[in-house]
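Heads up, the thing below is written out as C-alpha cells.
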Amino acid sequence: KQVFDQIDKFWHPPKDKYFHEKSNVIEIEFVIAKNGTVESTKILTSSLDADLDQSAVQAIQNAGPFSPFPSELNVDRHKFTQKFLLHQDF
C-alpha cells in the first residue's frame with residue numbers, strides 16, 4: 001500500500017486531458033528491486049493518449065526510490081501493477 005500511496009502523490013495528469021481522453025484508465029506494470037529502485041515500467045492498458053500515459057509512467061519513476069525490501073523478504077525484485085483512473089470532480 002505504501003508503494004501505491006507514494007505513486008499517487010506524484011501523479012499529475014495534464015489538466016487538458018480531463019475532458020478529452022479516449023479512456024480514463026491506465027494500467028502499468030513495474031518492477032522494484034530489493035534496494036527500492038524502479039527497474040522497469042510497462043504499459044498494460046493505454047489511455048490511447050501518449051501524454052496521459054507518460055504522466056502515469058513518470059509518476060512511478062518520480063516516486064522512487066522506494067523503501068528497501070525487509071531482509072526477511074527473500075526476493076531480488078517484485079512486480080507490481082498500478083491502475084491510474086482519471087476522474088472528474090464536479
Side-chain angles (χ1 to χ4, degrees):
K1 183 168 173 11
Q2 290 177 346
V3 168
F4 300 118
D5 288 345
Q6 193 166 331
I7 291 168
D8 285 343
K9 292 177 186 176
F10 284 88
W11 190 40
H12 306 290
K15 296 290 184 194
D16 64 334
K17 304 301 177 187
Y18 280 90
F19 295 100
H20 302 293
E21 76 282 350
K22 295 176 182 170
S23 172
N24 63 350
V25 176
I26 306 159
E27 186 173 15
I28 299 180
E29 177 183 279
F30 59 101
V31 176
I32 298 178
K34 71 186 311 180
N35 67 359
T37 60
V38 177
E39 286 190 342
S40 64
T41 58
K42 177 181 177 183
I43 297 172
L44 300 178
T45 304
S46 172
S47 67
L48 305 177
D49 183 294
D51 291 337
L52 191 55
D53 290 352
Q54 187 57 38
S55 74
V57 169
Q58 199 67 44
I60 293 169
Q61 293 170 340
N62 290 344
F66 298 91
S67 297
F69 296 171
S71 57
E72 61 270 7
L73 189 60
N74 194 20
V75 296
D76 290 332
R77 60 189 48 81
H78 187 76
K79 188 184 299 183
F80 295 85
T81 302
Q82 170 85 16
K83 284 188 179 182
F84 294 81
L85 175 62
L86 186 67
H87 58 84
Q88 301 161 355
D89 296 324
F90 296 102

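Because the structure is predicted, anything quoted here is derived from the model rather than measured.
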### Query
Would you say the side-chain atoms of Ser47 and Asp49 include a donor-acceptor pair closer than 3.5 Å?
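No, no side-chain donor-acceptor pair sits under 3.5 Å.
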
### Given Arg77, Lys79, His78, the one that forms side-chain hydrogen bond (donor to acceptor under 3.5 Å, both in side chains) with Glu39
Arg77

### Message
When you group the ILVMFWY residues by side-chain heavy-atom contacts below 4.5 Å and let the links chain together, are Val31 and Phe84 in the same group?
### Response
no

### Query
If you take all heavy atoms of Phe69 and Ile32, which pair is closest and at what distance?
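Of all heavy-atom pairs spanning Phe69 and Ile32, the closest is CZ-O, 3.3 Å.
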
#### Entry: For Pro13 against Ser55, the heavy-atom pair lying closest together
CA-OG, 3.8 Å

Working to the nearest 0.5 Å, report the span between [atom1] of [X] and [atom2] of [Y].
X: Ile43; Y: Glu27; atom1: CD1; atom2: CD; answer: 11.0 Å
X: Gln82; Y: Ile60; atom1: CD; atom2: CD1; answer: 6.5 Å
X: Phe30; Y: Gln61; atom1: CZ; atom2: CD; answer: 11.0 Å
X: Ser67; Y: Asn35; atom1: OG; atom2: CG; answer: 11.5 Å

### Query
Taking the side chain from Gln6 and the backbone from Ala63, do they hold a donor-acceptor pair closer than 3.5 Å?
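Yes, because the side chain of Gln6 sits within donor-acceptor range (under 3.5 Å) of the backbone of Ala63.
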
### Query
So does Asn74 have more than 12 non-hydrogen atoms from other groups sitting under 6.0 Å from CG?
no

### Task
Indicate yes or no: at least one non-hydrogen side-chain atom of Ile7 is less than 4.5 angstrom from one of Phe80.
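In short, these two side chains do not touch, never coming nearer than 4.5 Å.
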
### Task
Evaluate the side-chain proximity of Phe66 to Val38: yes if any heavy-atom separation is below 4.5 Å, no if none is.
yes

### Query
Only one of Leu48, Thr45, Leu44, Leu52 forms a side-chain contact (heavy atoms from CB on, under 4.5 Å) with Ile26, so which one is it?
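Of all the options given, the one that passes is Leu52.
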
